[in-house]
Amino acid sequence: MTPFGEAVRRLRARKGVSQKEMAEALNVSPAYLSALEHGKRGLPTFDLLQRIAGYFNIIWDEAEELFLLARSSDPRVVIDTSGLPPEYTEFANRLARRIRELDSAEIARLSALLENGGKGDGKAS
């Protein structure tokens, strides 16, 4: 599941609606909505994101957070290393091959390193 999928699931639970009910209201198939929640589909369109925000009648700040989550939830990530030194391409490919082997602590350390702009020891605080 993606961060966006988790957010949509929480919103559905808060409203007390099923995927089928939500899909019908948004004019999408229940299968598509399920695949979107489970990270088996790419990013939703901006139009669909707006319809989701409207469906849940969420305030602007919460809608903006939902849109940001959608942008960081694409399960089919492409890293363009063209024009970068060879070690960048090698690193991106190694990460792609090994990402499923990383545990949550390793992901947290890498995330902290990225948050710090590559500075510091990468330890999560």
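Positions are given from 1 along the sequence. Quick caveat, the model's predicted, so the values are computed rather than measured.
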Measure from NZ or CZ of K40 to the centre of the six-membered ring of Y32 and say whether it is under 6.0 Å with the direction within 45° of the ring axis.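 Judged by the rule, K40 and Y32 form no cation-pi pair.
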Spell out, yes or no, whether L95 and I107 are grouped together once hydrophobic residues are joined by side-chain heavy atoms under 4.5 Å, including indirect joins.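 In one cluster with L95: I107, yes.
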Is it true that F46 and F56 fall in one hydrophobic cluster, defined by side-chain heavy atoms closer than 4.5 Å?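 In one cluster: yes.
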Residues in side chain to side chain contact (heavy atoms under 4.5 Å, CB included) with L43, at least two apart?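 D74.
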Checking N27 now: which residues fulfil side chain to side chain contact (heavy atoms under 4.5 Å, CB included) with it, not counting sequence neighbours?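 Side chain to side chain contact (heavy atoms under 4.5 Å, CB included) check on N27 returns nothing, list empty.
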First locate atom [atom1] of [X], then atom [atom2] of [Y], and finally report the distance between them rounded to the nearest 0.5 Å.
X	Y	atom1	atom2	answer
I79	F91	CD1	CZ	8.0 Å
S29	Q19	OG	CD	10.0 Å
R9	L11	CZ	CG	12.0 Å
E64	I58	CD	CD1	11.0 Å
F67	I52	CZ	CD1	8.5 Å

Does any N or O in the side chain of S34 come within less than 3.5 Å of the main-chain N or O of P30, such that one atom is a donor and the other an acceptor?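 Side chain of S34 to backbone of P30, a donor-acceptor pair under 3.5 Å: no, none is there.
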Is K15 reaching over with its side chain to a backbone N or O of M22, donor-acceptor style, under 3.5 angstrom?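 Flag not set: sc K15 to bb M22 has no pair under 3.5 Å.
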Could you tell me which residues satisfy side chain to side chain donor-acceptor pair (under 3.5 Å) with T89, sequence neighbours excluded, listed by chain and number?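 Applying side chain to side chain donor-acceptor pair (under 3.5 Å) to T89 gives T81.
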Of all residues at least two apart in sequence or in a different chain, which pass the salt bridge (charged side-chain N to carboxylate O under 4.0 Å, His left out) check with [X]?
X	answer
R94	none
E87	none
R51	D47

Quick one, L110 with L102, criterion side chain to side chain contact (heavy atoms under 4.5 Å, CB included). Give me CA distance, side-chain angles, the key distance, then yes/no. CA-CA 10 Å; L110 290 170; L102 301 176; 3.9 Å; yes
Please identify which of these residues, L69, L66, L68, meets the side chain to side chain contact (heavy atoms under 4.5 Å, CB included) condition with P3.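 Of the listed options, the one satisfying the test is L69.
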After noting the C-alpha distance and the side-chain angles of L36 and V8, does the key distance pass the side chain to side chain contact (heavy atoms under 4.5 Å, CB included) rule? CA-CA 9 Å; L36 195 58; V8 170; over 6 Å; no
Does E37 form a salt bridge (charged side-chain N to carboxylate O under 4.0 Å, His left out) with R10? I'd like the steps, not just the answer. CA-CA 11 Å; E37 280 190 20; R10 280 192 310 272; over 6 Å; no
Taking 4.0 angstrom as the limit, do R12 and E21 come out as a salt bridge?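 Salt bridge flag = no for E21 with R12.
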Run the salt-bridge test on R98 and E101 with the 4.0 Å N-O cut-off and return the result as yes or no.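 Salt bridge flag = yes for E101 with R98.
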Any non-hydrogen side-chain atom of P44 less than 4.5 Å from a side-chain atom of F4?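 In short, these two side chains touch, coming nearer than 4.5 Å.
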